[in-house]
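Notes to accompany the following structure.
All chains are named by letter (A, B, ...) in the order of the sequence lines, taking the proteins before the strands, and each is independently numbered beginning at 1. Excluded from the calculations below are hydrogen atoms, water molecules and symmetry mates; all remaining heavy atoms, backbone and side chain alike, are included. Keep in mind it's a predicted model, so treat the numbers as computed, not measured.
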Protein chains: 2
Amino acid sequence: MPKPLHHPKRSQIALSAVLEALSDPIRRVIVQRLSHNGERSCSAFLSYASKTNLSYHLARLRTAGLVRIRPEGTCRMLSLRADDVEARFPGLLRAVLASAGVEGARPARRTRSSRGSSS
Amino acid sequence: MPKPLHHPKRSQIALSAVLEALSDPIRRVIVQRLSHNGERSCSAFLSYASKTNLSYHLARLRTAGLVRIRPEGTCRMLSLRADDVEARFPGLLRAVLASAGVEGARPARRTRSSRGSSS
DNA sequence: GTTGTGGTTCAATAATCATTGAACAAGGGA
DNA sequence: TCCCTTGTTCAATGATTATTGAACCACAAC
């Protein structure tokens, strides 16, 4: 595919764009799987969204600087730009990915001490 | 003011909502100033947005679980729910606030080694 | 060449977001 | 009491988002 597929360089990665990209559950799952399993083809994520919609979400991850997309024959390989993001926003990706796994796990069992805590 | 001003309890704070709330620069500045200076009145942030608009942004921070709003006489006091957010998503707030300060600082001086790197 | 597969682009949609001005509500003085 | 300050709610607006289907493009195999 000829379209240059623009990626922001490390210094251009913006916090707003990164947080916005990570605020979507679908995109967070993609980032998480890339973080665990390394490089994957686009089609590996077709279970999370339709072809067109997936393309949209991947473009958002790419333009935010979270993901690199490399053409390989007829398909495209995705990889997480973990080093770039870590260099720019230290600890951010780690914190989000760690939290993403637990998110919504238990309904926060009502213990005696939490009975009337937070509003 | 009588309206109960709903706050989510700690276990209800959702990652998507937190990231979404923090993805806006205005809201990030507010969170940062609360983190540095502690409790502040709403009106302390009128320099960042109009009265109505500020009320909107504060409501988003509140419903996301990032901020607590407490009526005090004729004004309202804002405080960061740093402990709740930290308990739920460890390291997240720290990472965002640390990065927020540096964001967009230097225009990334073009060194020889960065000349044609990314993208 | 033709066909198939992997992905993107385009146009359209419904929903949400950010921003504004006008109106309203609840204290706290004078 | 009448104001003034602080802040919210409402309605409207323009911009952006997420999602879809149809069309398209590039490569690879036949």
- Task: Figure out the CD1/P separation between B:I30 and C:dA18, and round it to whole Å.
- Result: 12 Å
- Grab the NZ-C1' distance between A:K51 and C:dG4 for me, whole Å please. 11 Å
- Query: Does the side chain of A:R40 pick up a donor-acceptor pair with the side chain of A:S79 at under 3.5 Å?
  - Reply: no
- Message: Between the side chains of B:R68 and B:D84, is the shortest nitrogen-to-carboxylate-oxygen separation below 4.0 Å, so that they form an ion pair?
- Response: yes
- Are B:R33 and B:Y48 close enough that a side-chain donor and a side-chain acceptor fall under 3.5 Å? yes
- Taking every heavy atom of A:S23 against every heavy atom of B:E20, the minimum-distance pair comes out as CB-N, 3.8 Å
- Whole-Å distance between D:dG7 C1' and B:R40 CZ? 18 Å
- Message: Quick check on D:dT8: is either OP1 or OP2 less than 4.0 Å from any side-chain nitrogen or oxygen of B:R76?
- Response: yes
If you restrict it to nitrogen or oxygen atoms, what contacts under 3.5 Å exist between nucleotides 19-21 of chain D and the protein, and what is each distance?
residue: D:dT19; atom: OP2; partner: A:N53; partner atom: OD1; Å: 3.2
residue: D:dT19; atom: OP2; partner: A:H57; partner atom: NE2; Å: 2.7

- How close or far is atom C1' of C:dG6 from atom CE of A:M77, stated in whole angstroms? 13 Å
- Query: Looking at B:E86 and B:R88, does any basic side-chain N land under 4.0 Å from a carboxylate oxygen?
  - Reply: no
- Message: What is the distance, to the nearest angstrom, from the CG atom on B:L61 to the P atom on C:dC17?
- Response: 13 Å
- Item | N/O (side chain, A:R60) to phosphate O (OP1/OP2, D:dT17) under 4.0 Å | yes
- Query: For the pair made of CG in A:L54 and C1' in D:dT17, what is the distance, rounded to whole Å?
  - Reply: 16 Å
- Message: Rounded to whole Å, how long is the line connecting atom CD of B:E72 with atom P of C:dA26?
- Response: 19 Å
- Side-chain donor-acceptor pair present, B:S50, B:T52, cut-off under 3.5 Å: no
- Query: Is A:E20 touching bases, backbone alone, or none of the nucleic acid, heavy atoms closer than 4.0 Å?
  - Reply: sugar-phosphate
- Starting from P on C:dA18, measure out to CZ on B:R28 and report it in whole angstrom. 12 Å
- Query: Can you tell me if the side-chain N/O atoms of A:S55 get under 4.0 Å from OP1 or OP2 in C:dT8?
  - Reply: yes
- Chi angles and distances behind the side-chain hydrogen bond (donor to acceptor under 3.5 Å, both in side chains) call for B:R28, A:S16: CA-CA 9 Å; B:R28 227 151 45 216; A:S16 291; 2.9 Å; yes
